[in-house]
Amino acid sequence: MDLSPRPDLWSLDPDVLHLNHGSYGAVPRRTQELLARLRTETEANPMLWFRSVADRLTASRLELARFLGTDPAGFALVPNASAGVTAALGAIPIGPGSRIVLTDHTYGAVRYAAERFARAHQAEVVVVDVPLEADDDSVVAAVRAELDERTAALVVDQISSATAMVFPIRRLVEACDGIPVIVDGAHAPALLDNPAEDGADFWTGNFHKWPAAPRGTAGLVVAEKWREATLPLIVSWSEYDERLPERFDMQGTFDYTPWIAAPESLRVLADLDWPVRRPQLSSLIDEGAQVLAKALGTDLPDIVHPAATIRLVEIPFSAQRSSEAGESFKIRVSRELKAEITLTGFDERIFVRLSAHAYNSLRDYELLASRLPTLL
Ligand SMILES: Cc1ncc(COP(=O)(O)O)c(C=O)c1O
């Protein structure tokens, strides 16, 4: 089996080190070409195109649900994980005085969503501290300690953004014992097998991250008891459709081509032997992170369950530790070093969050390691 790097399948600028797939993904050429054909078809006859959309969405949904290993009757398309979390928060009862429990790893925009719902219902948001190097027992114990009869929901990352930790979702669902659990699986598709099958009430995840689907493609998986109450964020003609997936399909006049083209990226992953390639990328990112840490003279945090293709490398960041300083550093890395990285912060520590996808090779990390110290 040939597992050599395949940058040729993407259209990424070869003069740039692309080491942050996790933020916005990257769409392979084949999917881009299909998207372009679908858009040409739309513009050849918009009326004909829109008459065909419903059937094409059904076909796409079935393929995406199969990829996740989930029941298609509970799988709806949403534009992104933010929309998935928002729709889930809109479905659960949140009474005055109740609490929405999160962790300090929760993605910032997801925390804002919880805060919006808490404000609207005179509820409050409670943030559980989970140490970076916590094992599953400590994660479950920390969350369990904040659950009580006031808890309206637990909103928890499956793979955290800033820290790239895999959370023990099945055990957290058990600990919640009937309290609704909303899983933010933004990074989970293609990094975890059957990510939506841990028994949570709601799960959402992005196809536009690791599965490399066109941007604006995400899924929302809803447990049977919540399907009737779960509504899309845009009220449109399918408002009274009793079937969850169809209710989310038609969101007014909108560009549906990314949703229809998304399965092509799943076929690219299949052709890349993803189940075998993913562990190979884990070894690559381990090696790449070590090369960078050595160059920076720092240690790698000891994360118990790191995400398959993401690693944190601590950076001895002497500049002021503000988000503006971080942004301007990333811009300098992009302009002066021709490298795309992201920085994350947790517990007063700043990390480079490195990624590996099928287009990366060890040389990418070696080059970053030779260049990054020049900016510190
Ligand atoms: C953990 C997590 N949740 C939610 C999101 C939001 O995803 P989107 O921008 O696709 O809504 C992200 C994006 O990076 C994320 O990492």
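Scope of the values below: all heavy atoms of this structure, side chains included, with no hydrogens, waters or symmetry mates. Numbering starts at 1 and runs along the sequence shown.
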For residues S23 and N20, report the shortest heavy-atom separation together with the two atoms involved.
OG-ND2, 2.9 Å
Does anything in residues 367-376 form a side chain to side chain donor-acceptor pair (under 3.5 Å)? List the pairs, not counting sequence neighbours.
none
Qualifying residues under salt bridge (charged side-chain N to carboxylate O under 4.0 Å, His left out), relative to E224, sequence neighbours excluded
none
Centroid-centroid under 6.0 Å between H305 and F167 rings
no
Could you give the distance from CD1 (I285) to CG (N360), rounded to the nearest 0.5 Å?
7.0 Å
Determine whether L281 and L284 satisfy the following criterion, side-chain contact (heavy atoms from CB on, under 4.5 Å), listing intermediate values before the conclusion.
CA-CA 5 Å; L281 291 175; L284 173 66; 4.0 Å; yes
Any donor-acceptor pair under 3.5 Å from H208 side chain to A213 backbone
no
How many angstroms lie between CG in D364 and OG in S361, if you round to the nearest 0.5 Å?
4.5 Å
Please output the side-chain donor-acceptor pairs of residues 3-19 that fall under 3.5 Å, not counting sequence neighbours, one pair per line with the distance.
| unit_1 | atom_1 | unit_2 | atom_2 | d |
| --- | --- | --- | --- | --- |
| S4 | OG | D2 | OD1 | 2.8 |
| S4 | OG | D2 | OD2 | 3.3 |
| R6 | NE | D8 | OD1 | 3.0 |
| R6 | NE | D8 | OD2 | 3.3 |
| R6 | NH2 | D8 | OD2 | 2.7 |
| W10 | NE1 | A26 | O | 2.9 |
| S11 | OG | Q32 | NE2 | 2.9 |
| D13 | OD1 | D15 | N | 2.8 |
| H18 | NE2 | D13 | O | 2.9 |

Worked verdict on V166 versus L192 for side-chain contact (heavy atoms from CB on, under 4.5 Å):
CA-CA 9 Å; V166 180; L192 295 174; 4.2 Å; yes
So do F248 and V222 actually touch side chain to side chain, heavy atoms under 4.5 Å?
no
Contacts of A162 meeting side chain to side chain contact (heavy atoms under 4.5 Å, CB included) (sequence neighbours excluded), chain-then-number -> T344
Would you say E340 and S334 are linked by a side-chain donor-acceptor pair, where the criterion is simply a distance under 3.5 Å?
yes
Kindly give the heavy-atom pair with the smallest separation between G84 and T204, and that separation in Å.
CA-OG1, 3.5 Å
About how many Å separate CZ of R116 and OG1 of T86, when rounded to the nearest 0.5 Å?
7.0 Å
So, using side chain to side chain contact (heavy atoms under 4.5 Å, CB included) as the criterion, who are the partners of L375 when residues are at least two apart?
F329, R332, V333, E336, L337
Check whether more than 12 heavy atoms from other residues, nucleotides or ligands sit under 6.0 Å from atom CD of E239, and answer yes or no.
yes
For the CG atom of L102 and the CZ atom of R111, what is their distance to the nearest 0.5 Å?
7.0 Å
Whether over 12 other heavy atoms sit under 6.0 Å from R30 CZ:
yes
Taking side chain as C-beta onward, heavy atoms only, is H357 less than 4.5 Å from T309?
no
Please report the interatomic distance OG1(T217) to CG(N80), rounded to the nearest 0.5 Å.
10.0 Å
All side chain to side chain contact (heavy atoms under 4.5 Å, CB included) counterparts of S282, not counting sequence neighbours
A308, R311
Check: residues 172-190 side-chain donor-acceptor pairs under 3.5 Å, at least two apart:
| unit_1 | atom_1 | unit_2 | atom_2 | d |
| --- | --- | --- | --- | --- |
| D184 | OD1 | A186 | N | 3.0 |
| H187 | ND1 | W210 | NE1 | 3.0 |

Would you check if the side chain of S160 reaches a backbone N or O of A164 as a donor-acceptor pair within less than 3.5 Å?
yes
Can you check side-chain contact (heavy atoms from CB on, under 4.5 Å) on I315 and L372, steps first, answer last?
CA-CA 10 Å; I315 179 162; L372 201 54; 4.2 Å; yes
Can you name the closest pair of heavy atoms from G326 and L343 and give their distance?
O-CD1, 3.9 Å
Answer yes or no: is there a side-chain heavy-atom contact under 4.5 Å between Q290 and L300?
yes
Using the rule that Ile, Leu, Val, Met, Phe, Trp and Tyr join whenever any side-chain heavy atoms are under 4.5 Å apart, tell me whether L312 and M165 fall into a single cluster.
yes
Connected-component partners of M47 among ILVMFWY, side-chain separation under 4.5 Å
none
From CA spacing to verdict: side chain to side chain donor-acceptor pair (under 3.5 Å), E197, W203
CA-CA 9 Å; E197 301 307 293; W203 173 95; over 6 Å; no
Is there a side-chain contact (heavy atoms from CB on, under 4.5 Å) between D201 and K225 once you walk through the steps?
CA-CA 8 Å; D201 298 82; K225 68 187 262 210; 4.2 Å; yes
Are side-chain N/O atoms of D286 and S283 paired as donor and acceptor at under 3.5 Å?
no
Using a strict threshold of under 4.0 Å (side-chain N to carboxylate O), is an ion pair present between D241 and R247?
no
Decide yes or no for V156 and I169: does some side-chain heavy atom of the first lie under 4.5 Å from some side-chain heavy atom of the second?
yes
Residue pair I92 / A152: nearest heavy atoms and the distance that separates them
CD1-O, 4.0 Å
Over 60° means perpendicular and under 30° means parallel, so tell me whether Y256 and F254 are parallel, tilted or perpendicular.
perpendicular
From CA spacing to verdict: salt bridge (charged side-chain N to carboxylate O under 4.0 Å, His left out), R99, E146:
CA-CA 10 Å; R99 307 165 101 205; E146 287 300 336; 3.7 Å; yes
Residue pairs involving residues 62-101 (criterion ring-ring contact (aromatic ring centres under 6.0 Å, His included); sequence neighbours excluded)
none
Which distance, rounded to the nearest 0.5 Å, do you find between the CG of L132 and the CZ of R349?
6.0 Å
All heavy atoms of A91 vs all of F202, minimum pair found to be CB-CZ, 3.8 Å
In one Ile/Leu/Val/Met/Phe/Trp/Tyr side-chain cluster, 4.5 Å: V155, Y107
yes
Taking only residues two or more places apart in sequence or in another chain, which ones pass side chain to side chain contact (heavy atoms under 4.5 Å, CB included) with D71?
A73, R227
Mind checking salt bridge (charged side-chain N to carboxylate O under 4.0 Å, His left out) for E33 and listing every partner two or more places apart, or none if nothing turns up?
none
Would you give me the side-chain donor-acceptor pairs under 3.5 Å for residues 50-64, sequence neighbours excluded?
| unit_1 | atom_1 | unit_2 | atom_2 | d |
| --- | --- | --- | --- | --- |
| S52 | OG | W49 | O | 2.8 |
| S52 | OG | R56 | NE | 2.9 |
| S52 | OG | R56 | NH2 | 3.4 |
| R56 | NH2 | E41 | OE2 | 2.3 |
| T58 | OG1 | A54 | O | 3.0 |
| S60 | OG | W259 | O | 2.5 |
| R61 | NE | D249 | OD1 | 3.0 |
| R61 | NE | D249 | OD2 | 3.3 |
| R61 | NH2 | D249 | OD2 | 2.9 |
| E63 | OE1 | R267 | NH2 | 3.0 |
| E63 | OE2 | R267 | NE | 3.2 |
| E63 | OE2 | R267 | NH2 | 3.0 |

Residue pair V130 / D104: nearest heavy atoms and the distance that separates them
N-OD1, 2.9 Å
